[in-house]
Undergrad: 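Before we start, here is the structure in question, set down as structure tokens.
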Number of protein chains: 2
Amino acid sequence: MIEMGADDSSNENFAGQVVNQLKLDILNGYFTPGEKLKMARLKERYHVGVSPLREALSQLLVEQLVVVENQRGFRVHPISKAELADIYHTRAHIESLCVKLAVEQGDDAWEAGIVASAHQLKKAAVLLNATLSDAADSDSARDNMQKWEALHHGFHSAITSGCQSPTLLDVRRSLYEKASRYRNLWLKQHMVNNQVFDANQKDHDELMDALLSRNSDLACQLVYEHLLGPFKLLQNSDFDYA
Amino acid sequence: MIEMGADDSSNENFAGQVVNQLKLDILNGYFTPGEKLKMARLKERYHVGVSPLREALSQLLVEQLVVVENQRGFRVHPISKAELADIYHTRAHIESLCVKLAVEQGDDAWEAGIVASAHQLKKAAVLLNATLSDAADSDSARDNMQKWEALHHGFHSAITSGCQSPTLLDVRRSLYEKASRYRNLWLKQHMVNNQVFDANQKDHDELMDALLSRNSDLACQLVYEHLLGPFKLLQNSDFDYA
DNA sequence: TTAATAAAAAATGTCGACATTATGGGTGCG
DNA sequence: CGCACCCATAATGTCGACATTTTTTATTAA
């Protein structure tokens, strides 16, 4: 029997596959905020008919990544400073809640998962810092950056998974996706420097200490502010609010 | 210019209308948990083709009211004791968070909305209690019950609206809907007595006092336990876990 | 030139049809 | 008697076509 992740496309219909691809295209900014999503264009890009496309768009509608107007088709959900602030603050609250519950309920396996993720993350951070200093190779910089982000997300997921609540974790996932769109749009215009990652590493160390010593209040507060850090950067730089 | 609510169906395509109707049918238990949703049946019931149906089902899929398996169609999302507990606990946490933020940010209009809703609710509760004592008219009992529930929901919505976070309120709405499915399924098997509403009224009075005096911690705790009250009833009675 | 109007083009939303896949019943074999 | 296999039936998922609506372009009048 072959193991397969949840995002396996072989046992999914076209709509499910398009959801994943289209979601990436929106989160990564290939389709820009407010942009009209014409069926002809989407048919070309994903090589499917209108039926799976509309099903996929219907799903992203609920996740608030697209908007719809009757007889006028779909558009990418617009962005705004107000929504940016709302998403990040809500996300910080939710993540903090996850942490609180995780500290209460987490077992040894939970702790092990955290230190394992932290270890991987630290390794990737070292590699990334080296790559960033070396201004030459911007291709592998982007590559290492993506790996770091995946591990960073994995680290926080390892922590929050301890809350043992699929419902709450699903809320968290949805908010993470919406926030990552804003972050990616920001990244398109700004280049990151090493300082960001050093501060991040410090945050993570402090957070892990608080978690392993089961200091719930401190951990919640650290996470809350850790998530609001990026927000402050995004908030000040006004990128294209279409 | 005519005012119209958000759930106006005239400016919605078929899919949007089917979403509302189908959602009601699932929440009210017309379609039972785990039941197969055959296209032929749905076409008959809602008088639309498969395209709008699949779009509607795709939306309910994200809201986790239906599940899908490739080439095997859609089913109503199954229920379980585990999910029941998870939804209600998460909902209690979220609602509590809404209250905390609302107490911090609520203005005079917010307070006014609360007392207004509370007044309406109390009136409806009196009427409902009278109807419930009168065992004869079970039709108007159900009718008054629905009105009371709408006002009850309105009361709590008036409170939580003060948090000023569309994102968080949307999470709340989604959880409310999922929870109401379990509650409705329970109501199909059990008859309510006056005691429940008396206790409820007491909860609401205490809660409103805490809110108006801006006692955040107390209000949060009261709401948390107020929402977990129904859960305890549902948890013990094992209705059809399909 | 600008504004209003009309015609043309494009795009959306829906349905019926078709290929593919699952389901259920019957048959034969062990 | 039970089990596997096969076939008929039914249901799903996808596409192309069509009617309706919106958007763009062209035309005319002020």
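Keep in mind it's a predicted model, so treat the numbers as computed, not measured. Every chain is numbered from 1 and lettered A, B, ... according to where its sequence line falls, protein lines coming before strand lines.
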Undergrad: Report the nucleotide, chosen from D:dG16, D:dT12, C:dG16, that has the shortest atom-to-atom distance to any side-chain atom of B:Val50.
TA: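 Closest nucleotide among those given: C:dG16.
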
Undergrad: Any chance you could lay out the side-chain hydrogen bond (donor to acceptor under 3.5 Å, both in side chains) test for A:Ser180 and A:Glu177, step after step, and finish with the verdict?
TA: CA-CA 5 Å; A:Ser180 79; A:Glu177 287 177 356; over 6 Å; no

Undergrad: Which residue is it: B:Leu42, B:Leu37, B:Leu22? I am looking for the one with a side-chain contact (heavy atoms from CB on, under 4.5 Å) to B:Leu53.
TA: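 Single pass found, and it is B:Leu42.
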
Undergrad: Counting heavy atoms from C-beta on, name the nucleotide in C:dT23, C:dG13, C:dC15 closest to the side chain of A:Gln71.
TA: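 When the side chain of A:Gln71 is considered, C:dG13 is the closest of C:dT23, C:dG13, C:dC15.
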
Undergrad: Whether the side chain of B:Asp170 engages the backbone of B:Pro166 through a donor-acceptor N/O pair (distance < 3.5 Å, no angle test) should be reported.
TA: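 Pair absent, no side-chain N/O of B:Asp170 close to backbone of B:Pro166.
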
Undergrad: Between B:His89 and B:Phe231, does the ring centroid distance fall short of 6.0 Å?
TA: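 Centroid separation for B:His89 and B:Phe231: below 6.0 Å.
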
Undergrad: Please report the distance, rounded to the nearest Å, between CZ in B:Phe74 and C1' in D:dA11.
TA: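 Rounding to the nearest Å, CZ of B:Phe74 and C1' of D:dA11 are 13 Å apart.
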
Undergrad: For the side chain of B:Phe14, counting heavy atoms from C-beta on, which of D:dT12, C:dC15, D:dT22 is nearest?
TA: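 Taking heavy atoms from C-beta onward, the closest nucleotide is C:dC15.
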
Undergrad: Of all the choices, D:dT12, D:dT21, D:dT23, which nucleotide is nearest to the side chain of B:Lys36 once you look at every atom?
TA: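 Looking only at side-chain atoms, B:Lys36 lies closest to D:dT12.
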
Undergrad: Just the rounded figure in Å: distance from C1' of D:dG13 to CD of A:Gln17.
TA: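 After rounding, the reported distance stands at 12 Å.
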
Undergrad: Using the side-chain heavy atoms of B:Lys38, tell me which of these nucleotides is nearest: D:dC15, D:dA11, C:dC15.
TA: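 Selected nucleotide (nearest to the side chain): D:dA11.
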
Undergrad: Round to the nearest Å and state the distance from A:Leu53 atom CG to C:dT14 atom C1'.
TA: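 So the two atoms are 15 Å apart, to the nearest Å.
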
Undergrad: Among C:dT12, D:dT12, D:dC15, which nucleotide sits nearest the side chain of A:Met39?
TA: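 Looking only at side-chain atoms, A:Met39 lies closest to C:dT12.
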
Undergrad: Side-chain N or O of B:Arg54 less than 4.0 angstrom from OP1 or OP2 on D:dG13?
TA: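 So the side chain of B:Arg54 is within the cut-off, an N or O lying under 4.0 Å from OP1 or OP2 of D:dG13.
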
Undergrad: Side chain of B:Asn13, heavy atoms from C-beta onward: which of D:dT21, C:dT14, D:dG13 has the nearest atom to it?
TA: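 Given the options D:dT21, C:dT14, D:dG13, the side chain of B:Asn13 is closest to C:dT14.
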
